[in-house]
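Structure, as structure tokens:
Any value given below was found using the heavy atoms of this structure, including those in side chains, with hydrogens, waters and symmetry copies removed. Just so it is clear: chains get the letters A, B, ... in the order the sequence lines come, proteins before strands, and each one is counted from 1. Since the structure is predicted, the reported quantities are computational estimates derived from the model, not experimental observations.
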There are 2 protein chains.
Amino acid sequence: MPKINKTRYAILGVLSLKPGSGYDIKKFCDDSIFYFWNENYGHLYPVLRQLEKDGLVTRSSEQTEGKPPRNVYSITDQGREELHRWLMLPVEPYPFRSELLLKMFFAVNIPRSNLIEKLEQKIQNESSLMRDFAAIEDLIKNRFGGRPEADLWLATLDYGKRMTLAAIEWSEETIGKLREEKTKEGD
Amino acid sequence: MPKINKTRYAILGVLSLKPGSGYDIKKFCDDSIFYFWNENYGHLYPVLRQLEKDGLVTRSSEQTEGKPPRNVYSITDQGREELHRWLMLPVEPYPFRSELLLKMFFAVNIPRSNLIEKLEQKIQNESSLMRDFAAIEDLIKNRFGGRPEADLWLATLDYGKRMTLAAIEWSEETIGKLREEKTKEGD
DNA sequence: GCGCCCATGTAACTAGTTACATGATTCA
DNA sequence: TGAATCATGTAACTAGTTACATGGGCGC
């Protein structure tokens with residue numbers, strides 16, 4: 001089974017909401033779906049050109065005076081069909097990788113304080129995510145509450161919130177356990 | 001900042017527990033840490049040779065009669081130092097990607113029944129994982145309970161369990177919400 | 001004047017996947 | 001007899017990352 005290029009579909013998905021430039025697509029990923037998707041220019045721009053060649057998007061160059069030129073892409077009917085076809089397909093299992101867990105698993109000879117630092121860092125990161133989620137939730141409810149997509153968007157957000165909360169809880173309890181061990185040894 | 005090769009450290013980690021062949025390392029990944037790490041031969045074997053060239057592991061060829069030859073690798077002192085150095089380093093943020101969420105996010109024109117199927121599939125997968133976790137937990141507690149690593153291994157397992165449970169809960173509640181919507185429309 | 005935002009892209013690289021190739025042993 | 005497990009590896013490919021290159025506008 002050949003690996004299918006997900007970036008193609010992520011781009012088609014973003015353009016299915018509204019036309020935009022490569023820059024806009026990247027921005028959308030970073031602002032709205034960053035908690036489960038990411039794209040970078042080095043991959044985005046070439047794939048965008050390829051989609052154009054395949055007839056799934058069209059490009060129109062906009063030149064506003066005193067501003068950098070914009071290549072605005074729109075999804076075509078063929079592009080919508082292709083996206084629809086892919087959305088209907090079952091989800092391919094994607095191997096999850098966690099460097100934190102890898103490090104913990106082999107950390108017998110690492111000072112517990114170092115592990116605790118890593119877990120505290122994780123709590124910081126995840127807490128920051130929780131604040132982002134609150135802001136996104138407001139945005140969806142206030143600005144896009146009427147849209148038929150709103151429920152789906154809130155569902156994906158709910159996933160992010162649950163995972164993030166669970167990660168924070170695990171980190172805190174694991175820190176607790178590590179401290180217990182430490183004091184046991186220390187006495 | 002250059003991207004560091006995680007496979008190198010995963011291999012060093014596995015060999016830090018005990019010497020083994022490429023096949024053994026792959027097996028360990030698939031059996032014991034598959035819920036947060038994966039390796040495949042196409043990457044594993046070349047990296048193993050590279051580690052040998054760098055003096056971080058040594059190779060000894062075993063030829064048992066009537067069996068395929070085995071290249072058994074052992075970690076060197078230099079390898080242990082390199083592993084230790086890396087384990088102490090802070091965790092690099094790794095972008096999380098979810099095809100399921102990507103599909104849900106853009107699923108306005110997809111029948112709800114198709115989404116529900118995907119969520120049910122997810123519940124199946126995660127439930128199967130939960131059973132694997134139970135088996136691994138038994139193994140750690142019964143066979144490796146005395147090892148100093150046991151607590152760390154149980155901590156990583158605990159992470160897996162929490163995430164998996166949260167994913168199942170989310171899937172079930174999301175199915176519920178989708179069905180509600182459906183019946184509302186239906187009337 | 002400095003830094004951030006807008007805006008496009010390429011080149012070089014690396015990590016990782018899949019498919020191919022081979023072949024013995026063991027167990028049902 | 002056929003499937004699974006043991007066992008090693010290469011070749012071709014693709015996806016994705018990072019660094020480089022360029023440059024105007026805007027606000028503090």
Check ion pair A:Glu52-A:Arg59 (N to O, under 4.0 angstrom): yes
Using a 4.0 Å heavy-atom cut-off across all strands, classify A:Arg8 as base, sugar-phosphate, or nothing. nothing
Comparing A:Arg70 and A:Gly42 on DNA chain C - which has the more 5′ nearest nucleotide: A:Arg70
Examine C:dG16: is either OP1 or OP2 under 4.0 Å from a nitrogen or oxygen in the side chain of B:Asn40? Give yes or no. no
Note: B:Arg85-B:Glu82 ion pair, threshold 4.0 Å (strictly below): yes
So does A:Thr7 get a side-chain nitrogen or oxygen closer than 4.0 Å to the phosphate oxygens (OP1/OP2) of D:dA15? no
For B:Ser21 and D:dC6, is the shortest distance between a side-chain N/O and OP1 or OP2 below 4.0 Å? no
Would you kindly give the OH-to-C1' distance between A:Tyr94 and D:dT14, to the nearest whole Å? 13 Å
A:Tyr35/B:Phe96 under ring pair (Phe, Tyr, Trp, His ring centres under 6.0 Å): CA gap, chis, key distance, verdict: CA-CA 7 Å; A:Tyr35 59 98; B:Phe96 167 71; 8.8 Å; no
Is the distance from OP1 or OP2 of D:dT8 to the nearest side-chain N or O of B:Tyr23 less than 4.0 Å? no
Heavy atoms only, 4.0 Å cut-off, all strands: where does A:Lys6 land among base, sugar-phosphate and nothing? nothing
Residue A:Tyr73, side-chain heavy atoms: nucleotide from C:dG9, D:dT8, C:dA15 that is nearest: C:dG9
Heavy atoms under 4.0 Å, any strand shown: does B:Lys26 hit a base, just sugar-phosphate, or nothing? nothing
Is there a side-chain polar atom (N or O) of A:Arg97 under 4.0 Å from OP1 or OP2 of C:dG16? yes
5'-most contact on DNA chain D (nearest-nucleotide basis), B:Val72 vs B:Pro95, goes to B:Val72
B:Ser32 side-chain N/O to B:Cys29 backbone N/O, donor-acceptor pair under 3.5 Å: no
Taking the nucleotide of DNA chain D with the closest heavy atom to each, which residue, A:Tyr41 or B:Tyr41, is nearer the 5' end? B:Tyr41
Below the 4.0 Å mark, does C:dT17 have OP1 or OP2 next to a side-chain nitrogen or oxygen of B:Asn38? yes
